[in-house]
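Reminder, nothing fancy here: chain letters follow the sequence lines and each chain counts from 1.
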There are 2 protein chains.
Amino acid sequence: MDVARTSTRAIGRSAVREELARGAFGQFCREGFDKVTLDDLAAAAGVSRSTFLRYFGSKEEVVLFTFDPLGDGMVDALRARPAGEEDWAALRRALDPVIARLTREPASEGLALLRLVGQTPALCARLREKQAGWRPRLVQSLTERSEAQRSSSLMLHARVAAAMECLMAALEHWVADEGRPGLDDLVDEAFDALS
Amino acid sequence: MDVARTSTRAIGRSAVREELARGAFGQFCREGFDKVTLDDLAAAAGVSRSTFLRYFGSKEEVVLFTFDPLGDGMVDALRARPAGEEDWAALRRALDPVIARLTREPASEGLALLRLVGQTPALCARLREKQAGWRPRLVQSLTERSEAQRSSSLMLHARVAAAMECLMAALEHWVADEGRPGLDDLVDEAFDALS
DNA sequence: TCTCAGTTGGAACTGAGTGTCATAGTAGAC
DNA sequence: GTCTACTATGACACTCAGTTCCAACTGAGA
């Protein structure tokens with residue numbers, strides 16, 4: 001059967017992916033993202049450069065593919081909010097699963113990931129690109145949520161973008177303070193700054 | 001004198017820079033940013049690849065260095081706002097010089113620039129990086145403006161980031177509509193979505 | 001056993017960006 | 001006008017990311 005075959009392959013594939021990424025992440029943290037070449041990563045993982053690159057597509061993706069589920073999680077959470085809720089409040093709540101995922105144990109893992117991204121311009125830029133890719137779906141969810149359509153698409157776009165920036169600003173402060181203040185509270189604070 | 005010497009050189013340098021960028025911009029618009037190589041650009045300009053790259057540092061910068069004055073303009077405008085004004089209103093007004101520069105005649109020029117950036121992921125990403133570089137200075141200006149300090153640095157950061165995103169969202173809609181609705185009104189609309 | 005899709009490694013290639021070096025040009029001091 | 005720094009330039013070699021192609025291998029189903 002086609003489905004079974006592709007799915008078993010897919011399972012193996014994502015397991016290998018996970019394993020390769022784990023090793024690479026250690027190297028990046030130890031030596032710095034820019035110092036480690038694809039050849040280094042492939043050699044350490046015991047595969048060829050071709051194979052390594054086939055699993056991720058780009059060097060940045062080795063680190064950033066872990067953020068992929070966050071986009072879907074946010075869209076789903078936004079869809080689940082009650083229709084009457086204000087956009088801004090709904091967007092705040094849509095970040096809950098994102099926060100949960102980033103702060104789940106071991107806490108140092110999420111922190112290390114964000115620290116690596118934060119101190120590597122190339123990773124920052126790519127992460128922002130990734131987030132930009134989530135936006136259309138978030139705007140779409142926001143549009144469907146309120147049939148009343150009081151807001152133009154530009155306004156919805158502005159709210160979604162601002163919400164993402166609140167998250168990013170909160171993350172930056174959270175990392176800078178070594179995770180001390182709760183990320184939840186920081187995101188609340190950032191959201192409060194715009195209402 | 002050191003000052004005079006460097007300044008005459010600098011004038012010549014920036015004139016050449018302008019000229020090289022003008023030619024390159026045409027090529028990018030005609031053939032697409034990714035299709036044109038640095039060799040193409042250098043050959044068309046009649047200089048070596050080394051020289052061309054020395055003027056800009058990177059291929060993206062050939063297009064994006066024109067945005068550099070916007071950051072300074074925004075910071076200056078923010079500094080000039082009355083101390084009592086609300087942060088959000090002050091940030092909106094700080095965008096006026098940016099809007100003026102992007103919409104000044106010939107209008108098609110700013111539009112073409114934004115269109116090229118908008119349809120080229122690499123340029124989008126770099127522009128966002130550039131804007132991220134403006135943020136600390138904007139937060140600083142905002143901090144100095146209101147001695148009262150009711151807001152945390154996270155809140156100021158969130159407001160600045162949100163304001164930048166309002167500008168970006170407005171620009172995107174403006175370009176999509178071929179510059180028809182006034183950019184001023186679009187930025188107002190985006191800002192209104194967050195208050 | 002045969003077949004076939006998917007995986008792998010290897011090699012060659014393009015293109016961006018860095019670094020170095022010798023040379024040519026030029027602004028300013030004398 | 002000449003000399004002297006400083007600067008700009010072109011040429012070249014180099015590293016590294018990413019793409020493309022190909023040949024060999026693997027593993028599951030017919």
Exercise. With a 4.0 Å cut-off, would you call A:R92 and A:D192 a salt bridge?
Worked result: no
Exercise. Below 4.0 angstrom, N of the basic side chain to O of the carboxylate: do B:R81 and B:E86 qualify?
Worked result: no
For this session: Not counting sequence neighbours, list each pair that qualifies as a salt bridge (Lys or Arg N to Asp or Glu O under 4.0 Å) and has a residue in residues 25-44 of chain A.
Result: none
Exercise. According to the ring pair (Phe, Tyr, Trp, His ring centres under 6.0 Å) rule, which pairs have a member within residues 86-130 of chain A, sequence neighbours left out?
Worked result: A:W88-A:F191
For this session: May I ask you to list the residues of residues 15-49 of chain A, by number, that have any heavy atom positioned under 4.0 Å from an atom of DNA chain C?
Result: A:V47, A:S48
Exercise. So which of residues 51-63 of chain B are in contact with DNA chain D, with a heavy-atom cut-off of under 4.0 Å?
Worked result: B:T51, B:R54, B:Y55
Problem set entry | side-chain contact (heavy atoms from CB on, under 4.5 Å) partners for B:A24, two or more places apart | B:F28, B:L41, B:F52, B:V62
Exercise. Where do B:S141 and B:V75 come nearest, in terms of heavy atoms and distance?
Worked result: OG-CG1, 3.5 Å
Problem set entry | Where at least one partner belongs to residues 93-124 of chain A, residue pairs that pass ring pair (Phe, Tyr, Trp, His ring centres under 6.0 Å), sequence neighbours excluded | none
